[in-house]
2 protein chains.
Amino acid sequence: MGNSIQTEDKILFTAREVFIREGYDGARMQQIADEAGINKALLHYYYRTKEKLFTTVFERVFTEMLNRIFSLMEEQQSLEVFLNVFFREHITFLLSDPRLPAFIINEVSLHPELLSNIFGKFSFYGIERFGMLVEKEKEQGLIAQRTDPLQLFINILSLSILPVVIKPIISNVLQMDAKETETFLRQRIEILPEMVLASVRKDNSKK
Amino acid sequence: MGNSIQTEDKILFTAREVFIREGYDGARMQQIADEAGINKALLHYYYRTKEKLFTTVFERVFTEMLNRIFSLMEEQQSLEVFLNVFFREHITFLLSDPRLPAFIINEVSLHPELLSNIFGKFSFYGIERFGMLVEKEKEQGLIAQRTDPLQLFINILSLSILPVVIKPIISNVLQMDAKETETFLRQRIEILPEMVLASVRKDNSKK
DNA sequence: GTCTATATGGCGATAGAC
DNA sequence: GTCTATCGCCATATAGAC
């Protein structure tokens, strides 16, 4: 009944699903219209082109993802507490929608120009807090001086994201069924915190 | 001049480049023909459909990637030597073509069915050797008993692959130019071996 | 705002000459 | 084996009625 806001939300919601499922090049405006229960012409009424619809969706998805990561990084108590919280929350989230990280990774590498217009839309506060936490634990003698907070941050992201993203490969190459693979990945929530902690502890190697 | 083998090679070589650069859905037969210096009809003469051409290319690329990884894993001297060799070789390789891993990750998650027909085309020998190496160092008391070789293997892959794959994101979000980002990623070749080693050493935590 | 109908172009694929 | 020409379809996008 002429309810524009409701329609617009429905379009964005559906477009998000289809773009993530199929990728930009694989997605079809017809498909989005069908799943949203409207028709193609209406899509173009709200978002003049496919590209415009896509960038709107992508900016949201990307910003949400970064904000989610950075907000988890505001944890300040200790590196140990942070690692426990982060791996649990983040891996659980990724497993609930394994296509999402693959989508972001791929679109960003196919269309790097998408990233240029996204700044100022999320907070770097979390990453600064993480750096401060690392420095504090260095001073306390808990972790090695050579630890680079940024490299450590990238390590933590890598260890949580990539295994989920290559889930189909793990499944097939290692001949596990869906349930086994899920269990294997979920185990990492318990394993990773102490592994990462051990990796930055002082005096691990004599050299 | 009627040289079929040369033409077929040229097609495969070019198709590989275009598919990796654009993805399956984004790639165009016309584009492949142009870059190969032939015309579209000839593509269909050799490979009846786009899908057939793609699966041929994908199986090759995927098999090469796995064989490369697994052959590096046959290193048997010690975990330390292995980690030094692996991170150096693998990260250098990935940096030489950052689209490749993103391509594999994305196509596999978009078209999981692609994987079903690829078995028996590569060797699992490397991964077995790696498991044996881990067990040996466990017996020698060098690494913690709780270490799961498979999880460790996935960790090593994650730490080398993901940072390269999200290179554009690192570049943009952390405001580094191309050269800085390259340096940042290349530093990991030195950092990662001792980090991973430390993560599995015994007696890191009192608990 | 929402629809039906259609314009316009590009795509994968094939026919058929050489 | 390689080409030119073209078919048939489906994609994005728009025109115009309601």
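First the proteins, then the strands, lettered A, B, ... as listed; each starts at 1.
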| message | Taking only side-chain N and O atoms of B/T7, does any of them lie within less than 4.0 angstrom of OP1 or OP2 on D/dG1? | response | no
| Cation-pi between B/R188 and B/F87: NZ/CZ under 6.0 Å from ring centre and within 45° of the ring axis? | no
| task | To the nearest Å, give me how far apart CG (A/D34) and P (C/dT4) are. | result | 12 Å
| Of A/K40 and B/R48, whose closest DNA chain C nucleotide lies nearer the 5' terminus? | A/K40
| request: Choose from C/dA13, D/dA15, D/dC3 the nucleotide whose nearest atom is closest to any side-chain atom of A/A41. | output: D/dA15
| Looking only at side-chain N and O atoms, does A/Y46 come under 4.0 Å of OP1 or OP2 in C/dT2? | yes
| Taking atom C1' of C/dG12 as reference, at what distance in whole Å does atom CD of B/E22 sit? | 17 Å
| message | Using a strict threshold of under 4.0 Å (side-chain N to carboxylate O), is an ion pair present between A/R146 and B/E190? | response | no
| task | Give a yes or no on whether a salt bridge exists between A/K138 and A/E135, defined as a side-chain N under 4.0 angstrom from a carboxylate O. | result | yes
| request: Could you state the atom-to-atom distance from OH of B/Y45 to P of C/dA15 in whole Å? | output: 15 Å
| Which whole-number value in Å describes the distance from B/N39 CG to C/dA15 P? | 16 Å
| task | Taking only the side-chain heavy atoms of A/H44 (C-beta and beyond), determine which of C/dG12, D/dT14, D/dT2 contains the nearest atom. | result | D/dT14
| note | Closest to the side chain of A/M29, out of D/dT2, D/dT12, C/dG12, is D/dT12
| request: Let me know the distance between OH of A/Y47 and P of D/dT12, rounded to the nearest Å. | output: 17 Å
| Between C1' of C/dG1 and NZ of A/K10, the distance in whole Å | 16 Å
| What is the distance from CG of B/L42 to C1' of C/dC18, rounded to the nearest Å? | 14 Å
| Lys NZ or Arg CZ of A/K52 over A/Y46 ring: under 6.0 Å, within 45° | no
| Nucleotide D/dA13, atom P - distance to CD of A/Q30 in whole Å | 13 Å
| request: Would you please confirm or rule out a distance under 4.0 Å between OP1 or OP2 of C/dG12 and any side-chain N or O of B/T49? | output: no
| request: State whether A/F184 and A/K179 meet the cation-pi test: NZ (Lys) or CZ (Arg) under 6.0 Å from the six-membered ring centroid, and within 45° of the perpendicular axis. | output: no
| said: Classify A/A27 by what it touches in the nucleic acid, base, sugar-phosphate, or nothing, heavy-atom distance under 4.0 Å. | reply: sugar-phosphate
